[in-house]
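Here is the naming used below: chain letters follow the sequence lines, and residue numbers restart at 1 for every chain.
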Amino acid sequence: MAFDFASIDLPVKDIIPEVKNHLENEQTLIIKAPPGAGKSTLLPLALLEQSWLGNKKILMLEPRRLAAKSIAARMADLLGEEVGQTVGYRIRFETKVSSETKIEVLTEGILTRMLHNDNALENIGLIIFDEFHERSLNADVALALSRESQQVLRPDLKLLIMSATLDMKHLSTMLNAKVVESEGRQYPVAIHHLEDTDPYLIPELTANAIIRAVKKHEGDVLAFLPGQGEIMRCEGILRNELPDFKIHPLFGQLPQGKQRAAILPNREGKRKVVLSTSIAETSLTIEGIKIVVDSGFGRHSEFDPQSALTRLKTHRISRDSADQRAGRAGRLSEGVCYRLWNPVTNSRLDEHRMPEIEQADLASLVLDMAEWGIRNPEDLTWLTPPPKGSVSQAKELLHSLDALEHGNITEHGKELHQLPTHPRIAHMLVYAEENDLLALATDLAALLEERDPLGKEHGTDINERIEALRRYRKEKGKGKRFAHIEKIANSYRKLFKIEAENNYVDAYETGILLAHAYPERIACARPGNNAQFQLSNGKIAFIGHKDDLAHEPWLAVASIDARDEMGKIFLASPLDPKDLAPMVKQKEVITWDYRDGELIASNDLRIGNIVLKSTPIHHPDESLRQQAICDAIKKDGERLLDFNKDVQQWQSRILSLRHWNPEQHWPDVSTASLLVDCEKWISPYINKVKNADDLKKLNLLEILQHSLDWEFQEKLEKLAPSKIKVPSGSNIKIQYDEKGNPPILAVRLQEVFGLEATPMINNGKNGVLMHLLSPGFKVVQITADLRSFWENTYFEVKKEMKRRYPKHSWPDDPTDAEAVRGVKRKK
DNA sequence: CTCTCCCT
């Protein structure tokens, strides 16, 4: 285990003494180091023989399997050893460690597993989080859990967080940790901002920028575009415009051979242009790039807790992503980067990429926590807490899979948690085990977890993929894609100790398995709507007209993009409705029909939102009826109820007081919060309501006034009156602002003759903003200080008014004159 | 009728 640091020249070497020093005394430390500093290989080796480590091990977390393996290999190489001796690695279904191993490189999800087996991580002395700036869900979970372990069980456990660009302040405050900063090894990159692109013109404008850049500069080009579609269009343009260049697309779905061709230096001696998705930002490195062209857009999936579906979104990238992309031009020598956005847009970019936890499916996380005995993930300390909506969706799903009961993990839930996969797939595997369908389920699990091995031209039937996988297995075929999937399927078979099956696939068996993994995605053809389906979660989805599955009456959907109006189905299987019998529920349903604006009550047989049979009910249960009305109000109350001007003023009066006098605790009567809690105030008034007309007729102002405590009602009239009496005798309505801005009193100038100063409200604490109007109700002056107006500006205004309204009275001393409503003739 | 990336 001899290792000579003197022979190595990497920037991170300079900070090693400082890091050692801090770790002597501190439990948690942050290292900020740009890529290329050498931190991932040198630091763990440098820390091996620290006395505080004793004979405990170092764990280092990596976001990707490939990185975990190659970093372990590099470290072993530096020690002159094989992987598995001093340095080993663990990724899912693959472990290379021995009793000698002191440094284990893991992918991030593995740590959570290890923590479950040994909460205290007894033989671990240090956990290193590499590439923490990527903020993957698993890294955030790993940090939260190891912090918990450090605080509760293992005060001697040390944590080292390494990151390239990150919100260091937030991180170091939250972890109460010092930051050590290292230089990078990076050549300067000259950055040029061009004009903003319209997202629809990305391929054309990127192509233009590339064509101009290759004329001005030497070297190969790497361009970042959001996705496959844009890459193909850009490629088409460049093939015509730059015939002497080698053009390489690069994205995840591309076969491995073509990916390699894009990454490796080309032999033909032609200059090269690589058109890539964000895959080249972190996962793949292309050597020899001197020019980066960045469209400024990327694509990512967003989880919608409402439907438990994800959707792909095209978004502007964050500044740290943009910097990382630009840095790709400066790895070997000086470079240049063209950005398709202007300096103003640049100043408005988000600083950091959004942490995955904010927009991910949290089912695994919530099950993990439940296994730890943590009922609410919010109870842990998070860098970014998991969003409430996603947490409650996850809980709901886990309850429906019988993994949780009243928030606690069940025996079935523990069984699911044991399996190294998403709870949905685990649930499917357990069902398969009980129904003798495991061989099929393991093939299916592997296919569901990985990228679709077949292209779009193959349609959406997942059974075609299973058959292709089985053919591959039987014929010992080639093809990297199926090799990868077969490896995972095989790992699952080993787990369950079963043999592979290579015979034909019963599509209905696939269907019922999928229906167990994705019960809310059971789909029933919509009568009369070709290739459209009603999903059990309420959503409508469509499939290509020419697709083999387009005419199936029932589908079990595996993969779907939520879209806005209608989801698009990517993978599914035919389904035999007879198999669904155990999932059919009888339910009395009362719903608000938004189209006709009335309540409908029926006794239904349903699978989620798919109605199999419906019998009308004439006298529905009163409490269900009321609940249905309240649900409708919650969803669409702003339209269903009569929020007229008077109601709005009442709301603004209270909201203003809420701002002005926080110590009085005025209730939040904004429309949104009223609707959320509508049961509390509207219930007594809706027992006769049957339809939209009845709702509209409710006197909302009266109802809301009654909902207020008597004390508040009185105070409201005193502190924020709805009207003010002016000298002319008119009662003028005050226009309050819901944000607490000064309320407006719009009144004709002549009606306030004799009023010396601005009227005050809220016990004399707040003045109104006077909009003084001409006799024709045009604003002639806005003032918060009436006295000053009379003394200064009035005479100017008077001149103008006299000219335009000569028949009216415009006295010289307005504070002493008689106020008038209409025309008062001059004497 | 636009499919990013990654992980137990």
Side-chain angles (χ1 to χ4, degrees), chain A residues 61-68 90-95 106-117 131 134-142 145 199-200 202-203 224-233 250-254 276-284 295 297-303 310-315 317 321 353-354 356-357 359-361 363-365 367-368 371 416-426 445 449-452 454-456 460 488 491-492 495 531-532 541-547 559-571:
Chain A
L61 308 191
E62 291 294 328
R64 281 167 290 281
R65 295 178 198 151
L66 199 66
R90 283 174 203 263
I91 59 183
R92 185 174 75 148
F93 293 140
E94 192 175 332
T95 300
L106 329 166
T107 35
E108 288 156 346
I110 299 268
L111 183 73
T112 341
R113 295 276 138 177
M114 291 175 75
L115 277 160
H116 282 295
N117 299 332
E131 312 273 10
E134 291 189 19
R135 292 299 304 278
S136 70
L137 175 58
N138 283 327
D140 274 20
V141 174
L145 290 178
Y200 290 98
I202 289 171
F224 288 98
L225 296 105
Q228 186 178 347
E230 288 87 352
I231 288 174
M232 308 278 239
R233 260 161 69 201
L250 180 60
F251 46 87
Q253 294 274 48
L254 207 63
S276 175
T277 60
S278 51
I279 194 171
E281 196 178 308
T282 48
S283 309
L284 299 176
S295 70
F297 287 89
R299 220 162 254 147
H300 70 172
S301 83
E302 215 174 66
F303 182 72
T310 55
R311 71 184 70 197
L312 265 191
K313 278 219 163 153
T314 309
H315 64 106
I317 58 170
S321 283
R353 59 199 90 189
M354 190 178 278
E356 193 186 354
I357 196 169
Q359 43 196 359
D361 174 6
S364 292
L365 182 148
L367 187 61
D368 264 349
E371 166 76 25
L416 301 191
H417 184 260
Q418 282 294 315
L419 294 166
T421 184
H422 191 282
R424 289 180 186 275
I425 294 177
E449 281 177 355
E450 295 305 309
R451 265 197 199 109
D452 184 1
L454 299 183
K456 273 192 284 209
T460 59
I488 298 170
S491 304
Y492 278 119
L495 210 62
Q532 287 185 13
F542 74 99
I543 209 165
H545 287 284
K546 292 182 202 138
D547 200 282
S559 162
I560 173 175
D561 185 287
R563 303 288 163 95
D564 283 333
E565 291 296 313
M566 220 183 266
K568 179 170 183 182
I569 295 172
F570 289 109
L571 280 179

Item to complete: Consider the side chain of A:Arg64, meaning its heavy atoms from C-beta on, and name the nucleotide among B:dT8, B:dT4, B:dC7 that approaches it most closely.
Response: B:dC7
Practice prompt. State whether the distance check finds a donor on one side and an acceptor on the other, under 3.5 Å, for side chain A:Ser301 versus base B:dT4.
Written response: yes
Response to the item:
To the nearest angstrom, the CD-P distance between A:Glu62 and B:dC5 comes to 20 Å
Fill in: Working for side chain to side chain donor-acceptor pair (under 3.5 Å), residues A:Ser295 and A:Glu230
CA-CA 10 Å; A:Ser295 70; A:Glu230 288 87 352; over 6 Å; no
Item to complete: Determine, answering yes or no, if A:Phe251 is stacked on B:dT4 under the 5.5 Å centre rule and the 30° plane rule.
Response: no
Worksheet item: Could you give the CD1-to-P distance, from A:Ile110 to B:dC6, as a whole number of Å?
Response: 17 Å
Worksheet item: What is the nucleic acid contact for A:Gly298, judged by heavy atoms within less than 4.0 Å: base, sugar-phosphate only, or nothing?
Response: nothing
Worksheet entry | Under-4.0 Å side-chain N/O to phosphate OP1/OP2 contact, A:Arg451 with B:dC6 | yes
Worksheet entry | For atom CD of A:Glu449 and atom P of B:dT8, their distance in whole Å | 10 Å
Practice prompt. Start with the C-alpha gap between A:Thr460 and A:Asp547, add the side-chain angles, then the distance that decides, and say whether side chain to side chain donor-acceptor pair (under 3.5 Å) holds.
Written response: CA-CA 7 Å; A:Thr460 59; A:Asp547 200 282; 2.9 Å; yes
Discussion item. What is the distance, to the nearest angstrom, from the NE2 atom on A:His315 to the P atom on B:dC5?
Written reply: 12 Å
Response to the item:
Assign each of A:Phe542 and A:Arg90 the nucleotide of DNA chain B bearing its closest heavy atom; nearer the 5' end lies the nucleotide of A:Phe542
Worksheet item: OP1, OP2 of B:dC5 versus side-chain N and O of A:Arg353: anything below 4.0 Å?
Response: no
Worksheet entry | Any residue meeting side chain to side chain contact (heavy atoms under 4.5 Å, CB included) with A:Ala541, in chain and number order, not counting sequence neighbours | A:Leu535, A:Ile560, A:Ile569
Discussion item. Does B:dC7 have its OP1 or OP2 closer than 4.0 Å to a side-chain nitrogen or oxygen of A:Ser364?
Written reply: no
Practice prompt. Measure from the side-chain heavy atoms of A:Leu312 and tell me the nearest of B:dC1, B:dT8, B:dT4.
Written response: B:dT4
Fill in: Minimum-distance nucleotide (side-chain atoms of A:Arg113 versus B:dT8, B:dC5, B:dT2)
B:dT8
Worksheet item: Choosing from B:dC1, B:dT4, B:dC7, which nucleotide comes nearest the side chain of A:Thr107?
Response: B:dC7
Practice prompt. Using the test side chain to side chain contact (heavy atoms under 4.5 Å, CB included), find all partners of A:Asp452 that sit at least two apart in sequence or belong to another chain.
Written response: A:Leu454, A:Arg465, A:Leu571
Practice prompt. For A:Gln228, answer base if it contacts any base atom (sugar-phosphate contacts may also be present), sugar-phosphate if it contacts only those atoms, and nothing otherwise; contact means non-hydrogen atoms under 4.0 Å.
Written response: sugar-phosphate
Item to complete: Under 4.0 Å between any heavy atoms, over every strand shown, what does A:Glu281 touch: base, sugar-phosphate, or nothing? Just pick one.
Response: nothing
Fill in: Interatomic distance where CE belongs to A:Met232 and C1' belongs to B:dT2 [whole Å]
12 Å
Practice prompt. Grab the two heavy atoms, one from A:Phe224 and one from A:Ser278, that are nearest each other, plus how far apart they are.
Written response: CD2-CA, 4.4 Å
Discussion item. If I take atom NE2 in residue A:His300 and atom P in nucleotide B:dC5, what distance separates them, rounded to the nearest angstrom?
Written reply: 13 Å
Worksheet, complete the sentence: Rounded to whole Å, CG of A:Leu111 lies from C1' of B:dC7 at a distance of 13 Å
Worksheet entry | Closest to side chain of A:Asn138, choosing from B:dC6, B:dT8, B:dC7 | B:dC7
Discussion item. Using whole Å, what does the distance between atom P of nucleotide B:dC5 and atom CD of A:Gln359 come to?
Written reply: 16 Å
Discussion item. To check you understand the geometry: which heavy-atom pair defines the closest contact between A:Gly227 and A:Thr277, and what is its length?
Written reply: CA-CG2, 4.0 Å
Worksheet, complete the sentence: Assign each of A:Thr421 and A:Thr314 the nucleotide of DNA chain B bearing its closest heavy atom; nearer the 5' end lies the nucleotide of A:Thr314
Discussion item. At 4.0 Å (heavy atoms only), tell me whether A:Leu137 reaches a base, stays on the sugar-phosphate, or touches nothing.
Written reply: nothing
